[in-house]
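Structure first, commentary second.
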Amino acid sequence: MNDVVKFLVENWYFIVTAIVMVVMAGVICWNFFKLPTKEQIAKIKEWLLYAVTEAEKELGGGTGQLKLRQVYDLFVQRFPVVAAVISFDTFSGWVDEALEQMREMLEQNQNVQKYVGTH
């Protein structure tokens, strides 16, 4: 019993930090999953636009399969529960939509072109 008390006294800040992190993760998950399904998908698609833009910036053109793999790996890390319940075909369709949106942004916005490095 003495060892437990000693451990708690010496490491209270780690314990508090871990509790806060778990609570924050729980709140984030709760807020996301209480959204209607359409809003959840919209949030994921917004994030996918960011992910495909970063993949384009990092890997450049002509690397479609590598970009898809990179975006999928990031997606699985970011949304593991969603990745477990949707098919890869559905995900790939969402990525295609995000790519189309990114291409439109590249055509219309010079700042995006500079960011991605296509200017």
Side-chain angles (χ1 to χ4, degrees):
M1 185 67 168
N2 224 3
D3 291 336
V4 172
V5 172
K6 182 179 178 184
F7 175 80
L8 292 175
V9 169
E10 290 177 354
N11 297 299
W12 67 269
Y13 44 90
F14 288 121
I15 296 167
V16 170
T17 302
I19 291 170
V20 168
M21 290 176 66
V22 168
V23 168
M24 287 176 56
V27 168
I28 290 169
C29 288
W30 173 260
N31 286 337
F32 179 77
F33 286 111
K34 76 176 184 179
L35 291 173
T37 303
K38 287 183 180 183
E39 288 183 37
Q40 291 176 7
I41 293 171
K43 295 279 186 192
I44 291 169
K45 288 180 177 182
E46 287 175 19
W47 179 86
L48 281 173
L49 176 59
Y50 162 76
V52 297
T53 303
E54 288 299 313
E56 180 72 23
K57 178 181 175 185
E58 187 175 317
L59 299 173
T63 57
Q65 291 299 314
L66 290 173
K67 286 187 275 194
L68 179 61
R69 181 77 237 176
Q70 180 179 356
V71 171
Y72 185 71
D73 289 345
L74 292 172
F75 174 74
V76 169
Q77 292 173 8
R78 178 77 181 219
F79 303 100
V81 174
V82 177
V85 296
I86 67 163
S87 69
F88 186 78
D89 290 335
T90 299
F91 172 80
S92 184
W94 291 351
V95 169
D96 290 342
E97 290 175 26
L99 284 169
E100 185 61 37
Q101 199 174 3
M102 181 196 68
R103 287 184 189 116
E104 290 173 9
M105 288 173 51
L106 284 170
E107 289 175 4
Q108 299 171 0
N109 191 326
Q110 290 183 344
N111 290 331
V112 176
Q113 292 173 3
K114 288 178 186 175
Y115 179 76
V116 174
T118 61
H119 64 288

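Scope of the values below: all heavy atoms of this structure, side chains included, with no hydrogens, waters or symmetry mates. Since this is a predicted model, take the numbers as computed values, not measurements. We count residues from 1, following the sequence as given.
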Can you list everything that forms a ring pair (Phe, Tyr, Trp, His ring centres under 6.0 Å) with Y72? Sequence neighbours excluded, please.
F88, F91
With a 3.5 Å cut-off and sequence neighbours excluded, list the donor-acceptor pairs that the side chains of residues 98-105 form with protein atoms.
none

How long is the straight-line distance from [atom2] of [Y] back to [atom1] of [X], given to the nearest 0.5 Å?
| X | Y | atom1 | atom2 | value |
| --- | --- | --- | --- | --- |
| T53 | L48 | OG1 | CG | 10.0 Å |
| Y50 | L74 | OH | CG | 8.0 Å |
| D73 | R78 | CG | CZ | 15.5 Å |
| W94 | I41 | CH2 | CD1 | 4.5 Å |

Apply the hydrophobic cluster definition, ILVMFWY joined by side-chain contacts under 4.5 Å directly or through others, and give me every member besides Y13.
W12, F14, V16, V20, M24
Please find the pair of heavy atoms, one from F75 and one from I44, that lie closest to each other, and give the distance.
CE1-CG2, 3.7 Å
Is there a chain of hydrophobic side chains (I, L, V, M, F, W, Y, each step under 4.5 Å between heavy atoms) that links I15 to V9?
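Different hydrophobic clusters.
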